[in-house]
Amino acid sequence: MNLNQVKAVISGGASGLGQATAARLVAGGGQVALLDVQDEAGRRAAAGLGTAASYHRCDVTAEAEVEAAVQSAAARMAGINVSVSCAGVATPGKLLGRDGPLPVAAFQRVLAINTLGTFLLDRAAAGIMQHNAPGEDGERGLLVHTASVAAFEGQIGQVAYATSKAAVAGMVLPLARELARFGIRVVCIAPGIFGTPMMAGLPQEAQDSLGKQVPFPPRLGRPEEYAELVAAIVTNRMLNGETIRIDGAIRMAPR
Ligand SMILES: NC(=O)c1ccc[n+]([C@@H]2O[C@H](COP(=O)([O-])OP(=O)(O)OC[C@H]3O[C@@H](n4cnc5c(N)ncnc54)[C@H](O)[C@@H]3O)[C@@H](O)[C@H]2O)c1
């Protein structure tokens with residue numbers, strides 16, 4: 001579909017990759033609804049994008065909140081044809097940590113936000129998209145997941161995160177196959193290391209060292225580069241059922 005036809009819900013839209021995606025889609029003439037739990041940042045991000053953007057509070061782990069946010073986003077934009085799941089956490093933890101085995105609740109929380117949250121947004125958004133009028137080739141919508149290179153090369157301390165992201169990638173082919181009859185595509189992006197608030201938590205030295213591990217270009221990815229890939233996926237209908245790495249050829253070491 002053309003960027004100026006986009007009506008997108010973006011989870012995690014108040015920050016980092018989600019916020020950059022919102023800005024790119026609005027720059028292309030589309031409308032966006034930012035879903036997040038950071039109210040102040042979310043409202044500020046939406047206001048900064050003008051009338052084409054709105055903020056809707058929603059914890060992606062809560063089915064009713066996701067349904068309500070997606071419904072209110074659809075009402076505001078007169079429909080939804082793109083959903084981008086960017087809400088996520090990367091809380092580390094070893095199976096056998098210094099303070100004992102990884103608490104079950106810690107493992108479950110990462111899976112709830114990253115994996116269940118993606119499923120709940122897909123579920124709510126696709127439920128609306130299936131009724132869209134078909135566009136070219138019968139296209140009705142697009143679901144974008146955000147995995148991570150940790151889905152394939154999880155490091156020590158990433159058992160929960162890598163599991164959650166492998167699942168997000170694993171959902172893509174069965175969903176693309178199932179939703180083909182509605183003309184809804186499903187594509188996953190697996191970023192390497194990007195300079196977002198998620199990364200800003202690390203000391204500058206650690207960020208620089210991570211950047212140098214990227215073969216080319218030897219730096220952290222920019223959120224705008226992720227957003228540009230979302231825009232390319234939106235406009236290219238042959239992209240479907242696949243996980244695309246955007247990582248400067250990095251392959252993560254064990255630690
Ligand atoms: N930055 C990286 O290097 C990198 C690499 C690979 C994958 N990713 C993935 O990309 C996605 C975006 O990450 P980012 O770097 O922009 O991080 P970020 O921390 O800047 O943004 C994540 C957003 O998700 C929101 N969020 C967290 N829990 C939520 C919940 N329960 N409900 C609704 N919103 C919630 C946060 O409030 C935040 O605004 C994440 O899924 C992350 O795992 C990031």
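Both counts, for ligands and for their atoms, begin at 1 and track the order of listing.
For the pair Tyr161 and ligand 1, the shortest N or O to N or O distance falls below 3.5 Å. Checked against a 3.5 angstrom limit, the closest N/O atoms of Phe194 and ligand 1 fall inside it. Residue contacts with ligand 1: Pro191 is placed with no nitrogen or oxygen under 3.5 Å of a nitrogen or oxygen of the ligand (distance criterion only). Any N or O atom pair closer than 3.5 Å counts here, and Val60 shares at least one such pair with ligand 1. Remark: ligand 1 and Thr61 share no N or O pair separated by less than 3.5 Å (distance only, no angle test).
Contact analysis puts Gly192 in contact with ligand 1, with a non-hydrogen atom separation below 4.0 angstrom. Residue-ligand proximity: Lys165 is placed with a non-hydrogen atom under 4.0 Å from ligand 1. Residue contacts with ligand 1: Ala190 is excluded, as none of its non-hydrogen atoms falls under 4.0 Å.
For the pair Asp137 (side chain) and Glu139 (backbone), a donor-acceptor distance under 3.5 Å is absent.
Of all atoms in ligand 1, listed by their number and element, those nearer than 4.0 Å to a heavy atom of Ile113 are 28 (N), 31 (N). Within the listing of ligand 1, atoms 3 (O) sit less than 4.0 angstrom from a heavy atom of Ile193. Proximity to Asp59 (heavy-atom distance under 4.0 Å) selects the following atoms of ligand 1: 30 (C), 31 (N), 32 (N).
Of the protein's non-hydrogen atoms, the one nearest atom 9 (C) of ligand 1 is Thr146 CG2, 3.7 Å. Regarding atom 1 (N) of ligand 1, its nearest protein heavy-atom neighbour is Thr196 OG1, 3.2 Å.
Between Arg24 and Glu224 no salt bridge is recorded (no basic side-chain N to carboxylate O distance below 4.0 Å).
Evaluated by nearest non-hydrogen atom to atom 26 (N) of ligand 1, the leading choice among Ala87, Ser15, Cys58 is Ala87.
For the residue pair Thr146 / Tyr226, a side-chain donor-acceptor distance below 3.5 Å is found, with atom types taken as modelled.
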